[in-house]
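A short write-up of the structure that comes next.
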Protein chains: 2
Amino acid sequence: MARIAELAHMSAGHIYHYFESKDAIIAAIVARECAMQAEGFANFEAIPSEELLQALVEKAGEGVEMNTDPFQSVLNLEIAAEAQRNPAIAEMLRAHDTKVRSIFAALLTTKLGLKDAEGRVELLFTIFGGLPIRILRNPGLDRDSLTAFLRKAIRSVLRD
Amino acid sequence: MARIAELAHMSAGHIYHYFESKDAIIAAIVARECAMQAEGFANFEAIPSEELLQALVEKAGEGVEMNTDPFQSVLNLEIAAEAQRNPAIAEMLRAHDTKVRSIFAALLTTKLGLKDAEGRVELLFTIFGGLPIRILRNPGLDRDSLTAFLRKAIRSVLRD
DNA sequence: CATTACTTCGAACGTTCATTCTAACTCTTC
DNA sequence: GAAGAGTTAGAATGAACGTTCGAAGTAATG
């Protein structure tokens with residue numbers, strides 16, 4: 001709280017006029033991150049069926065960039081760690097995950113005509129969700145090389 | 001420390017006869033986890049070249065099982081979170097990661113004759129490293145369905 | 001100008017936590 | 001069985017942290 005107050009240029013006590021507790025701040029951060037991610041997924045819905053596969057393959061680079069970004073990757077890991085000890089945060093994360101999973105699976109089913117879309121989605125989410133851990137363990141990661149093979153994998157997973 | 005003492009059936013003070021500090025306990029846990037993981041990778045080296053690809057595809061199921069195990073996945077996420085605020089732990093993780101990455105990449109290069117093995121390894125490590133986050137966000141994850149597509153992806157990534 | 005409401009501060013509080021220390025206990029050795 | 005070394009407990013310590021609270025400051029209203 002002291003550090004947050006410092007960064008927000010206010011006293012620690014003053015923060016409690018905006019947030020009920022530190023947990024409320026954390027919940028707000030997580031909610032904002034979930035909302036931002038949901039927005040990203042919403043963009044896919046506007047893409048015509050015949051372009052979707054190619055678009056997903058191309059967007060892989062952005063996904064790698066975003067999920068290995070120093071700020072974003074640290075925040076995402078921090079959120080995961082918080083969810084392990086804070087049931088309220090875990091619940092937020094799970095509800096959000098269920099939502100984006102079904103959105104994305106529906107996309108694959110209807111636009112790409114794929115069976116078992118849920119399993120494919122889980123694999124893709126595992127990969128992008130795993131990037132923060134990867135960059136933590138190997139900060140010198142060659143993003144381009146990884147992206148190249150990721151694109152191969154995506155094409156394979158999104159094929160019948 | 002109180003909780004550790006309770007689980008170890010000793011007083012909190014007594015623990016300090018075995019470990020210098022709480023950080024030393026954490027470092028020991030991380031070192032043990034790294035050693036166990038390194039052992040697992042060492043097993044691959046005994047596999048003949050012509051069986052390796054098939055073995056890796058088959059071992060995917062075990063990898064999913066292990067990395068979504070309630071204890072193991074929570075511990076791995078906890079270690080990652082710790083590394084974010086404890087430089088000593090981060091260094092251990094990175095040194096270990098460099099080691100296993102090069103072991104595995106050498107395997108792919110010499111036994112499977114693959115180029116750009118490093119990139120392939122990064123993708124595989126990203127996937128398995130991402131499983132703890134996946135199971136956290138979706139505890140109801142269908143492991144079999146995920147494993148099926150993971151095997152497809154592995155075959156694709158380990159092809160020329 | 002006076003009164004009221006809102007804003008902001010920072011000290012104080014209570015709790016939690018890792019760590020230290022002293023004293024008691026247990027075993028070994030002569 | 002006495003002495004000494006190693007072991008264990010548990011209270012004490014001091015720091016860190018989230019939160020509360022009263023006072024001081026600022027703006028709005030009549």
TODO: Send over the distance from A/I4 CD1 to D/dC17 P, rounded to a whole Å.
DONE: 11 Å
TODO: Could you state the atom-to-atom distance from CG of B/N86 to P of C/dA18 in whole Å?
DONE: 14 Å
Open item on the list: Under 3.5 Å, is there a donor on one side chain and an acceptor on the other for B/Q37 and B/E33?
Closed with: no
TODO: Send over the distance from A/E20 CD to D/dG18 C1', rounded to a whole Å.
DONE: 13 Å
Open item on the list: What is the separation between atom CD on A/E6 and atom P on C/dG10, rounded to the nearest whole Å?
Closed with: 13 Å
- [ ] Would you mind classifying the nucleic acid contact of B/F19 as base, sugar-phosphate or nothing, using non-hydrogen atoms under 4.0 angstrom?
- [x] nothing
Open item on the list: Measuring to OP1 and OP2 of D/dG6, would you say a side-chain N or O of B/Y18 lies under 4.0 angstrom away?
Closed with: no
- [ ] Would you indicate which nucleotide in D/dT8, D/dT19, C/dT19 comes nearest to any side-chain atom of A/A12?
- [x] D/dT19
TODO: Using atom NE2 of B/H14 as one end and atom P of C/dT20 as the other, report the distance to the nearest whole Å.
DONE: 15 Å
Task: Between A/R143 and A/T68: side-chain donor-acceptor atoms closer than 3.5 Å - done: yes
- [ ] Compare side-chain N and O positions of B/H17 against OP1 and OP2 of D/dT7 and report whether any pair is under 4.0 Å apart.
- [x] no
- [ ] Just compare D/dG18, C/dT19, C/dT8 and give me whichever is closest to any side-chain atom of A/M1.
- [x] D/dG18
Open item on the list: Closer than 3.5 angstrom, by distance alone: can the side chain of B/R151 be matched with the main-chain N or O of B/V57 as a donor-acceptor pair?
Closed with: yes
Task: Gap between atoms CG and C1', on A/D23 and D/dG18 respectively (whole Å) - done: 10 Å
Task: Value in whole Å for how far the C1' atom of C/dT8 lies from CE of A/M10 - done: 9 Å
- [ ] Output yes when a side-chain donor or acceptor of A/K111 lies under 3.5 Å from a complementary backbone atom of A/A106, and no otherwise.
- [x] no
Open item on the list: Output the rounded distance in Å from OH (A/Y16) to C1' (C/dT7).
Closed with: 18 Å
